[in-house]
**Q** 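Structure provided below as structure tokens; questions to follow.
Only this structure's heavy atoms are used, side chains among them; waters, hydrogens and symmetry mates stay out. Labels below follow one simple rule: chain letters A, B, ... track the order of the sequence lines, proteins then strands, and each chain is numbered from 1.
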Amino acid sequence: MPEIYLYNTLTRKKEEFKPAIPGEVRMYTCGPTVYLYASIGNFKTYVFSDVLRRTLEYNGLSVTHVMNITDVGHLVSDADEGEDKVVAEAARQNKTPWEIAEFYTQAFFRDADRLNILRPTIICKATDHIPHMIRMVEEIVANGYGYETDEGIYFDVSKYPEYGRLSGINLEKQMAGARVEVKTDKRNAADFLLWRKAPKEHIMQWESPWGMGYPGWHIECSAMSREYLGDQFDIHTGGIDHIPIHHENEIAQSWACSGQIPARFWLHGEFLLVDGGKMSKSLNNVYLLDDLAARGYEPLAFRYFCLGAHYRTKLNFTWDAIAGAQTGLRGLRAQVQRAVQSQGSVSEVAEQKVAELKAAFLEAINDDLNTPRALAVVWEAAKSDLGPALRDLVADFDRVLGLDLLTGQAKDEQVDESELPAEVAALLKERAEARKAKDWAKADSLREKLREMGYAVKDVKDGYEVTKI
RNA sequence: GGCGACAUGGCCAAGCGGUAAGGCGAGGGUCUGCAAAACCCUUAUCCCCGGUUCGAUUCCGGGUGUCGCCUCCA
């Protein structure tokens, strides 16, 4: 069993990872709040989780991967203020929260599929687990970590001395740092809602021991991870922005119930930047996969782009960069697919090279998911003149990379002649005749004309090939 | 104000004590009527100043700059 090293936010170190139960990994990923389309920034994090899961499986481990769908309780502010995001969006669109959640859940998985993000083993919706959450809140209160106010049930962070361990925040300093006082009846500034009492007109609400209401945002992850993975599982993943509040709160809640930190390893993906700065709604630079597609970039080019940088470093998205990634991915596929078609048998030299490359690849991904290095190995493999041996090797690598290297579109896909518009076909024919007559000036001008129409013509030994630009 | 991160060639980025992976782009060449494709070659001393060390991009200290979270957001 090869050694796997992962950076654990909890200890701020790279540690060797071994599942608590030999051979079986239990992993939880904070899923989307389904009130909007997920952006490419969101997906950077999900690509990271996916690569993690694939890496574990590549190492021969079986992975139970749980992902939540937040369809209730995530307020407009993470700090328990404002409206419920899903409910607010529903009001805007004049739909029910359930319709909104369903729509954006499907949109999320459609995009995730396009990115070759494997479906989690278990996908769980918050609204399907209200009783689990209520039970957990009851337990927290019974254990003395919660208290009731007119607003709802709060978690009392002062009862959990370890609060802040994950993010390294110091509560006292935070408070001294003077966040403007919020009008609330909570005891400590960092206390957060476990359960919120709902006014009559609130659409999504459930019966509870504290009257009608709905769950706080953080409790769903604690309740559902516990339900499916137990009191303490192996890995918890999410975006880096979740460290200070969401994951801190999750840890506190779970601790209040089980006396354990719910996950042994906490892994966080860094942000995607746009033009060197943040991507935000207010700056109007939030891009979706569809926005990339509209400019001709395939979803997997974005995946390749993400893999080109380490998950714990900020990745700067620019149109130049994604263009480079698209070209790179197509080029890699072209290289691989061409090599794979070559004839011949596998030589001993090739076999040895394959073993070397495989080892280098494994070492890279097992070193805290060093995908940039792994990609460099793939390029080396593609250029190593391995002949037919390359096929199995690349298929093997692609189990982790998920880039459709053997099957995806390579450079300059040829256009089927029969599907060309008549006008284009006529010009091609005219050009072929001009060439036969060695009328190069005419041939060149026709090629230019075709280019303007969106078709690139290249001459090959006994004819020409047409590709769409 | 609190917390955290980063600064590597035109761009996206690995490496993190022994004089810099990879991709994109660019330049040159082979091939081609020309072009394209393909192939070959070329393309950085790592923000600045100190220190530790035989030796630092890599460690420490100090600058400068950028970015993120604490409010929308992965």
**Q** For a side-chain hydrogen bond (donor to acceptor under 3.5 Å, both in side chains) with A:H268, tell me which candidate from A:H242, A:H236, A:H247 qualifies.
**A** A:H247
**Q** Taking atom C1' in both B:A36 and B:A56, what distance in whole Å separates the two?
**A** 46 Å
**Q** Is it true that A:R333 and A:E298 have a side-chain N and a carboxylate O under 4.0 angstrom from each other?
**A** yes
**Q** For the side chain of A:K458, starting at C-beta, report the closest nucleotide among B:A14, B:C12, B:A35.
**A** B:A35
**Q** With rounding to whole Å, what would you report as the distance between B:C47 and B:A20 at their P atoms?
**A** 15 Å
**Q** Roughly how many Å is it from CZ in A:F317 to P in B:A13, rounded to a whole number?
**A** 11 Å
**Q** Can you find a donor-acceptor N/O pair under 3.5 angstrom joining the side chain of A:D320 to the base of B:G25?
**A** no
**Q** A:R333 CZ to B:C24 P: how many Å, rounded?
**A** 14 Å
**Q** With heavy atoms under 4.0 Å as the rule, sort A:G308 into base, sugar-phosphate or nothing.
**A** sugar-phosphate
**Q** In whole Å, what is the span from the CZ atom of A:R435 to the C1' atom of B:A36?
**A** 11 Å
**Q** Which of these nucleotides, B:G23, B:C24, B:C11, is closest to any side-chain atom of A:Y304?
**A** B:G23
**Q** When you measure from the side chain of A:A443, which nucleotide among B:A13, B:G33, B:C12 comes out closest?
**A** B:G33
**Q** What's A:L329 touching, base or sugar-phosphate or nothing? Going by heavy atoms closer than 4.0 Å.
**A** nothing
**Q** Ignoring the backbone of A:W440, work out which of B:A74, B:A36, B:G33 is nearest its side chain.
**A** B:G33
**Q** Say whether A:D320 and A:T318, considering side chains only, have a donor N or O and an acceptor N or O under 3.5 Å apart.
**A** no
**Q** Rounded to whole angstrom, note down the P distance from B:C34 over to B:G25.
**A** 23 Å
**Q** Describe the nucleic acid contact of A:D459 in one word from base, sugar-phosphate, nothing, applying a heavy-atom distance below 4.0 Å.
**A** base
**Q** Can you measure A:W319 atom CH2 to B:C24 atom C1' for me and round it to whole angstrom units?
**A** 16 Å
**Q** Between A:G276 and A:R373, just flag the one whose closest nucleotide in RNA chain B comes earlier from the 5' side.
**A** A:R373
**Q** Any base atoms under 4.0 Å from A:H268, or only sugar-phosphate, or nothing? Heavy atoms, all strands.
**A** nothing
**Q** Think A:R187 forms a cation-pi with A:Y154, using NZ or CZ under 6.0 Å from the six-ring centre and within 45 degrees of its axis?
**A** no
**Q** Using a cut-off of 4.0 Å on non-hydrogen atoms, how would the nucleic acid contact of A:A376 be classed: base, sugar-phosphate, or nothing?
**A** base
**Q** Counting the atoms with a prime plus P, OP1 and OP2 as sugar-phosphate, which does A:F43 contact under 4.0 Å by heavy atoms, base, sugar-phosphate, or nothing?
**A** nothing
**Q** Looking for any heavy atom pair under 4.0 Å, which part of the strands does A:K278 touch: base, sugar-phosphate only, or nothing?
**A** base
**Q** Check whether any side-chain heavy atom of A:D290 sits under 4.5 Å from a side-chain heavy atom of A:R110, and report yes or no.
**A** yes
**Q** Checking side-chain polar atoms at under 3.5 Å, does A:H310 have a donor or acceptor matched by the opposite partner on A:Y7?
**A** no
**Q** Does A:R435 make a cation-pi contact with A:W440, if we ask for NZ or CZ under 6.0 Å from the ring centre and within 45° of the axis?
**A** no
**Q** When the nearest nucleotide of RNA chain B is assigned to A:L375 and to A:P32 on a heavy-atom basis, which residue is associated with the more 5' position?
**A** A:L375
**Q** Can you measure A:I245 atom CD1 to B:G4 atom P for me and round it to whole angstrom units?
**A** 16 Å
**Q** Looking at every strand, decide which applies to A:R165 at a 4.0 Å heavy-atom threshold: base, sugar-phosphate, or nothing.
**A** nothing
**Q** Look at all strands and tell whether A:W379 reaches a base, only sugar-phosphate, or nothing, counting heavy atoms closer than 4.0 Å.
**A** sugar-phosphate
**Q** Side chain of A:F271 only, please: which of B:A13, B:G68, B:C12 is the nearest?
**A** B:G68
**Q** Answer with base, sugar-phosphate or nothing: what part of the nucleic acid does A:F48 contact at a heavy-atom distance below 4.0 Å?
**A** nothing
**Q** What does A:Q335 touch in the nucleic acid at a heavy-atom separation under 4.0 angstrom: a base, only the sugar-phosphate, or nothing?
**A** sugar-phosphate
**Q** Go through B:A13, B:A74, B:G23 for me and flag the one nearest to the A:L315 side chain.
**A** B:A13
